[in-house]
Every structure is written in C-alpha cells, then in structure tokens.
Number of protein chains: 2
Amino acid sequence: MTMANERLQEVVHSLKSTKIRMTPQRHAILEFLYDSMSHPTADDIYKALEGKFPNMSVATVYNNLRVFKEVGIVRELSYGDSSSRFDCVTSDHYHVVCSDCGKIVDFHYPGLDEVESLAEHVTGFQINTHRMEIYGKCPDCAPISRH
Amino acid sequence: MTMANERLQEVVHSLKSTKIRMTPQRHAILEFLYDSMSHPTADDIYKALEGKFPNMSVATVYNNLRVFKEVGIVRELSYGDSSSRFDCVTSDHYHVVCSDCGKIVDFHYPGLDEVESLAEHVTGFQINTHRMEIYGKCPDCAPISRH
DNA sequence: TCTTTAATTATAATTCTTATAATTAAATAT
DNA sequence: ATATTTAATTATAAGAATTATAATTAAAGA
C-alpha cells in the first residue's frame, strides 16, 4: 500500500465520525487528489473521473472540494490563471511554479514559523497559516544556459 | 505632496517615453491605486471612479490593469476568492490576509532570497520571484482574547 | 428493511474577465 | 493651431469558471 493510499484511508476513516457521508464520487475525488502529484483544477478532476462516473456532475466536484476544504483536508490554490487548483493538505511544502507552462513542483523547506509570529506581532492578526509560491522557468521552458 | 503622489508622478513620467498614452481614465486608475492602501479589485476601482467617469467601461479598467501589469507597475494578486486584486509594485513586502473578511495588510519582511536560491538548486528552475501570504483573523474578526 | 436526511444530478443563473467593432481622443507632425 | 495617425475608450456580446436551485437518488442508522 502506498503512502498516498495510507493517508487516504486515514482521511476516509476520520470522515466517518462526521455527518459527512462517504459516496463513491467522493472517494474517487479524494483518491485522485491523493494519488496525483499534480495540482489539478476542478475540471481536471471532472475529466479524469468521467470514465468511471459518466453521469457525475461538475457541481459534484465543486461541492465536494468545498466540503473537503471546510474540513481542512484540501486546500485551494489560485495562481494567476483562470481556474483554481486543489491540493491535499499534507506535510508542509511550498510550490515552485513555471511562469511559462504552469507546471507546479513541490518544494520542501522548513516551515517559516518565525514569519508567522512576526506578522502576528506587527499586524495584530491571529495567524493560522501561510502560503508561498516561487516563480520561475522550468528546465523545459528555460533557454539552455551554459557556464 | 505625499509619497504616493511622488511615485505616481514618476510613473506617469516614465510612461511618457513609451507608446502608452496617458488618458484621464488611466491617470485616475493609477491615482486610485497609489493612494489606496487597500488592494482593490477591478470592480472596486470601477465603482470608485464612476462618479468622476460616469461613462467609463469596465473593460477600460481591465484593459488598463493589464497594460500596467505588462509594464510592470502593477501586480495582480489572486487569492482563494473570486476576483483578483491589484497592487502597485513598490518595495518588497508580503501580505497578511484575513480569512474572514478578506482584509489585506502589508507586512514588511526581508526578502526570502535564500528560499529562491535553494529552490533553484533543488528544482532546476530559473527562479525569478516569489510570493507569500500569511493568513489569519484580523483584530476585528478575531474573538477577543484575554490573557 | 424503513426512515431520515444528505448527496447527486441536470440545469439555470451568476460572476468575473476577455473579445469585438465602432467611436473618440492623445500624441506628433504640419 | 490643425490635421493625421493610431492608440484608447466605449458598449456590447461572448466566454469561462463557479454557484444556486429543485428534483431525484442513495448513505447511514434505527
């Protein structure tokens, strides 16, 4: 069993204790999110699952992503482009985004906790979390540099 | 003359040397952006200026924000919520966002250059820039805590 | 198996943003 | 100061992403 599947099992189990019902569509959406290393849009998910669920509505995808967000197992990311991307909340990592082709790569880096605490002091906010993206050109899009 | 107006003058002057023409609408949009400490949406700007320009089209606001972005004097920020926000590019700062009411406060912090260089090594991207948001509840939205 | 109530579906409606074509106006040359 | 060129504005329509609605279906627990 893969790591992704283990986490999926945990999440499915933890949802059992809530009012939130487990449906085949929900399971499939979660499964797709946990298996994929990409950061799919709602439409990506919809398209990926239309083979298995030919009658599934786009609204179902959106509804469930919202539910997952509310429970805190999924995060919504919006970059410059038109549609939001969705990501399982796992261990802390940041994202490196290609400004040409939009590819997103995970980047592990120790959490910037001191930024949060400083922001808390300076602004008077009660800080919960933060998010960082690093932008550049991926190897495929960058001109080949020699040195 | 305020700091904001000084910067506005500079920008207007620098646009003179390009093909980009200065129009009253453009000037008003820039003025509004430089004066406002908030991070308005396109619609905020449109509404704020409809008194002065009753016939201005929303398209004009969007068009000009795109132009300003291309020239590099304005930055587009997209958070989870529906519409993008726009911000004058000034000195480096980050944003603290209230997850309840959406208020955005600037947060000055030394640029995280080492994050960029590490990301460059780890991912092979040619990194240009990064962006960080810190999320929490603003003083108005946070429950009053006593300690 | 029955009952309750949440989830799904299909569809319409909204919202944000961009495209189009005609008109207007800035900048520059005359 | 006027004419010319060409970019900017306007009004409108179109597009895409997301959300709302109402009827139907199906999970979970009794």
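Nothing here was measured: the structure is a model prediction, and the numbers come from that model. Labels below follow one simple rule: chain letters A, B, ... track the order of the sequence lines, proteins then strands, and each chain is numbered from 1.
- A close approach under 4.0 Å does not occur between any side-chain nitrogen or oxygen of B/Y62 and OP1 or OP2 of C/dT18.
- Judged purely by distance below 3.5 Å, without hydrogens or angles, the side chains of B/T60 and B/Q25 never pair a donor atom with an acceptor atom.
- Comment: A/R85 does not engage A/D44 in a salt bridge, judged by the lack of any side-chain N to carboxylate O separation of less than 4.0 angstrom.
- Note on B/D43: nothing from the nucleic acid sits closer than 4.0 angstrom, heavy atoms only.
- Put simply, the side chain of B/R75 never gets that close to the backbone of B/C88: no donor and acceptor are under 3.5 Å apart.
- Look at CG on B/N55: it is 15 Å from C1' on D/dT12, rounded to the nearest Å.
- Between the P atom of C/dA25 and the CZ atom of B/R26 lies a distance of 15 Å, rounded to the nearest Å.
- If you measure from atom CZ of B/F68 to atom C1' of D/dA8, you get 11 Å, rounded to the nearest angstrom.
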What string of B, S and - do you get for nucleotides 20-30 of chain D 5' to 3' if you count protein non-hydrogen atoms under 4.0 Å? B-----BBS--
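- Between the C1' atom of D/dA16 and the CG atom of A/D44 lies a distance of 14 Å, rounded to the nearest Å.
- For the residue pair B/H95 and B/Y135, no side-chain donor N or O sits within less than 3.5 Å of a side-chain acceptor on the partner.
- When all heavy atoms of A/V61 and A/A42 are compared, the closest pair comes out as CG1-O, 3.6 Å.
- In this structure, CG of B/N64 is placed 15 Å from C1' of C/dT17, rounded to the nearest angstrom.
- Minimum interatomic distance between B/V97 and A/F125 (heavy atoms only, all atoms of both residues): C-CE2, 3.8 Å.
- Residue-level contact check: B/T60 touches the bases, meaning some heavy atom is under 4.0 Å from a base atom.
- Within the 4.0 Å cut-off from OP1 or OP2 of C/dT17, at least one side-chain nitrogen or oxygen of B/S84 is found.
- One atom, CD1 of B/I29, and another, C1' of D/dT10, lie 13 Å apart when rounded to the nearest Å.
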